[in-house]
Amino acid sequence: MKYSGAPYIRLNEADNIVVAAQPLGLGGRVEGFDVVDAIAPGHKVAIARIDAGEPVFKYGQVIGYASSPIEPGRHVHDHNCEFRLSRAEHQVGANLRSRLALDTERSFMGYDRGNGRYGTRNFVAVLTSVNCSATAARAIAQNFDPQRLADYPNVDGVAAFVHGTGCAMDPDGDGYANLQRVLWGYAGHPNCGGVLMVGLGCESNQIGDWLANYGLTEGPLFRTMTIQDRGGLRKTIEAGVGIIEEMLPDVNRSVRAPCPVSGLTLGLQCGGSDAWSGMTANPSLGHASDLIVSHGGTTVL
């Protein structure tokens, strides 16, 4: 499907509806039929008679069934559509296409972390082991505005990554394991040139346990501390600011250089479908994924 600027979009030749790209008033025409309802952008209009019980096709797929007869030019929506249990047997990857032809090895200007991973940004991350240290982490990061980072042009920023858990958790539970895994993912992310982990001290998600569980060791660009050890919130913020100031010269030494596209991993997550996602964001991201995978990269859903 390629949008040509028409007032409506037909997504697939098998469809019995089209989607309004702009308001369609009474008396308008779609696929040779008069529009007999006011159709808002993003909404569907029938381009064939759909008898009660017959399927409604969009993207060439069944998206519902007519709950009453629908004439061409009518608005197709929840007032005349219904859902039913489907016995369709979907085949994932059944229409898999061959990789796109490669004319040259592609690269991008990124940060080579020296371990086979490549970053698109160079941040200092302030992580939290528990929700109780979120205020401290945010306050530390907020100290580093563009003016304060002006002497470090290769540093994209200082960002706090906080969460709402970590306290009174079952150390043998899935939630605990998931939290530690996510924090490990942040700590080793190629977009992070430096990491500071801030805890409270008495939480279930102990920093020491996390380090041991994932084989992590502290160093100049990976530091940890707790509010209780530092003697309170104010002292923790002051110490955190000082630690990051020590990191910045080293983080700034990383410079952008050509990196292979095969080193990229693209993560995708549905943000909540609306009327346009299947025509705009989803195809765009799908095409980007195809391009990255065709050059040896990875897409994670």
Side-chain angles (χ1 to χ4, degrees), residues 108 110-138 140-141 144 154-201 203-226 240 243-244 247-248 250-251 254 256 259-272 285 288-289 292-293 295-301:
F108 70 99
Y111 297 94
D112 186 346
R113 299 305 183 188
N115 58 0
R117 305 187 72 190
Y118 306 90
T120 59
R121 296 290 187 272
N122 193 32
F123 273 92
V124 176
V126 186
L127 308 182
T128 57
S129 62
V130 65
N131 59 303
C132 308
S133 55
T135 297
R138 290 192 182 101
I140 291 168
F144 295 93
N154 297 321
V155 179
D156 290 300
V158 178
F161 296 92
V162 303
H163 56 89
T165 184
C167 178
M169 301 183 74
D170 177 5
D172 297 319
D174 290 340
Y176 183 86
N178 290 339
L179 173 61
Q180 289 210 334
R181 186 175 67 248
V182 169
L183 292 174
W184 167 74
Y186 279 130
H189 199 285
N191 283 353
C192 298
V195 175
L196 171 62
M197 166 70 85
V198 183
L200 175 59
E203 61 267 25
S204 298
N205 184 35
Q206 287 287 300
I207 293 177
D209 292 341
W210 174 64
L211 296 175
N213 289 341
Y214 284 91
L216 300 171
T217 56
E218 292 195 58
L221 295 177
F222 181 44
R223 303 277 296 275
T224 70
M225 65 176 181
T226 68
I243 289 171
I244 291 178
M247 288 184 180
L248 286 173
D250 285 338
V251 178
S254 295
R256 289 187 182 273
C259 298
V261 171
S262 59
L264 284 175
T265 298
L266 178 66
L268 303 178
Q269 178 179 354
C270 181
L285 289 172
S289 298
I292 289 175
V293 172
H295 289 275
T298 305
T299 298
V300 179
L301 301 177

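The structure presented is a predicted model; accordingly, all values stated were derived computationally and were not measured. Side-chain atoms are counted along with the backbone in the values below, which use heavy atoms only and exclude waters and symmetry mates. Residue numbers run from 1 in the order of the sequence given.
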### NE2-CZ distance between His189 and Phe123, expressed to the nearest 0.5 angstrom
11.0 Å

### Residue pair Asn122 / Ser254: nearest heavy atoms and the distance that separates them
ND2-CB, 3.9 Å

#### Entry: Min side-chain heavy-atom separation Cys259-Phe108 under 4.5 Å
yes

### Query
Does atom CG of Asp174 have more than 12 heavy-atom neighbours, drawn from other residues, nucleotides or ligands, at distances under 6.0 Å?
no

### Query
Under 3.5 Å, is there a donor-acceptor pair between the Thr224 and Glu218 side chains?
yes

#### Entry: Exercise: identify the closest heavy-atom pair between Thr128 and Leu183
O-CD2, 3.6 Å

### Task
Evaluate side chain to side chain contact (heavy atoms under 4.5 Å, CB included) for Val126 paired with Phe161, printing each intermediate quantity in order.
CA-CA 6 Å; Val126 186; Phe161 296 92; over 6 Å; no

### Task
Could you tell me the separation between the CZ atom of Arg117 and the CG atom of Asp112, rounded to the nearest 0.5 Å?
12.0 Å

## Note on the structure
Residues Trp210 and Gln180: closest non-hydrogen pair is NE1-O, 3.2 Å

#### Entry: Heavy-atom closest pair, residues Phe222 and Leu216
CE2-CB, 3.8 Å

#### Entry: Side chain proximity check, Ser129 to Leu200, heavy atoms < 4.5 angstrom
no

### Task
Measure the spacing between CG of Leu264 and OG1 of Thr120 and express it to the nearest 0.5 Å.
7.5 Å

### Message
Determine whether a donor-acceptor pair (N or O, by modelled atom type, separation under 3.5 Å) exists between the side chain of His163 and the backbone of Thr165.
### Response
yes

### Query
Is a donor on one side and an acceptor on the other found under 3.5 Å between the side chain of Glu203 and the backbone of Gly201?
yes

## Note on the structure
For Ala160 and Ala137 the tightest heavy-atom approach is CB-O, 3.7 Å

### Message
For a side chain to side chain contact (heavy atoms under 4.5 Å, CB included) check, start with the C-alpha distance between Leu268 and Ser289, then their side-chain angles and the critical distance, and finish with the verdict.
### Response
CA-CA 9 Å; Leu268 303 178; Ser289 298; 3.4 Å; yes

### Task
Would you please classify the geometry between the Tyr214 ring and the Trp184 ring as parallel, tilted or perpendicular, with 30° and 60° separating the classes?
parallel

### Query
Within the distance-only criterion (no hydrogens, no angle test), does the side chain of Ser204 pair as donor or acceptor with the backbone N or O of Met169 below 3.5 angstrom?
yes

### Query
Rounded to the nearest 0.5 Å, how far apart are CG of Leu221 and CD1 of Ile244?
11.5 Å

### Thr298 and Leu266, any side-chain heavy atoms less than 4.5 Å apart
no

### Query
Shortest non-hydrogen contact from Leu179 to Gly166?
CD2-CA, 3.7 Å

### Query
Side chain of Ser133, backbone of Val198: donor and acceptor closer than 3.5 Å?
yes

### Query
Any side-chain heavy atom of Tyr111 sitting closer than 4.5 Å to one from Asp156?
yes

### Query
Stepwise, does the side chain to side chain contact (heavy atoms under 4.5 Å, CB included) test hold for Leu248 with Phe144?
CA-CA 11 Å; Leu248 286 173; Phe144 295 93; 3.9 Å; yes

### Task
Would you indicate whether the side-chain heavy atoms of Leu211 and Thr217 approach each other to under 4.5 Å?
no

### Message
Checking side-chain polar atoms at under 3.5 Å, does Arg113 have a donor or acceptor matched by the opposite partner on Asn191?
### Response
no

### Query
What distance separates Leu196 CG from Met225 CE, expressed to the nearest 0.5 Å?
5.0 Å

### Task
Hey, could you give me the SG/CG distance between Cys167 and Asn131, rounded to the nearest 0.5 Å?
6.0 Å

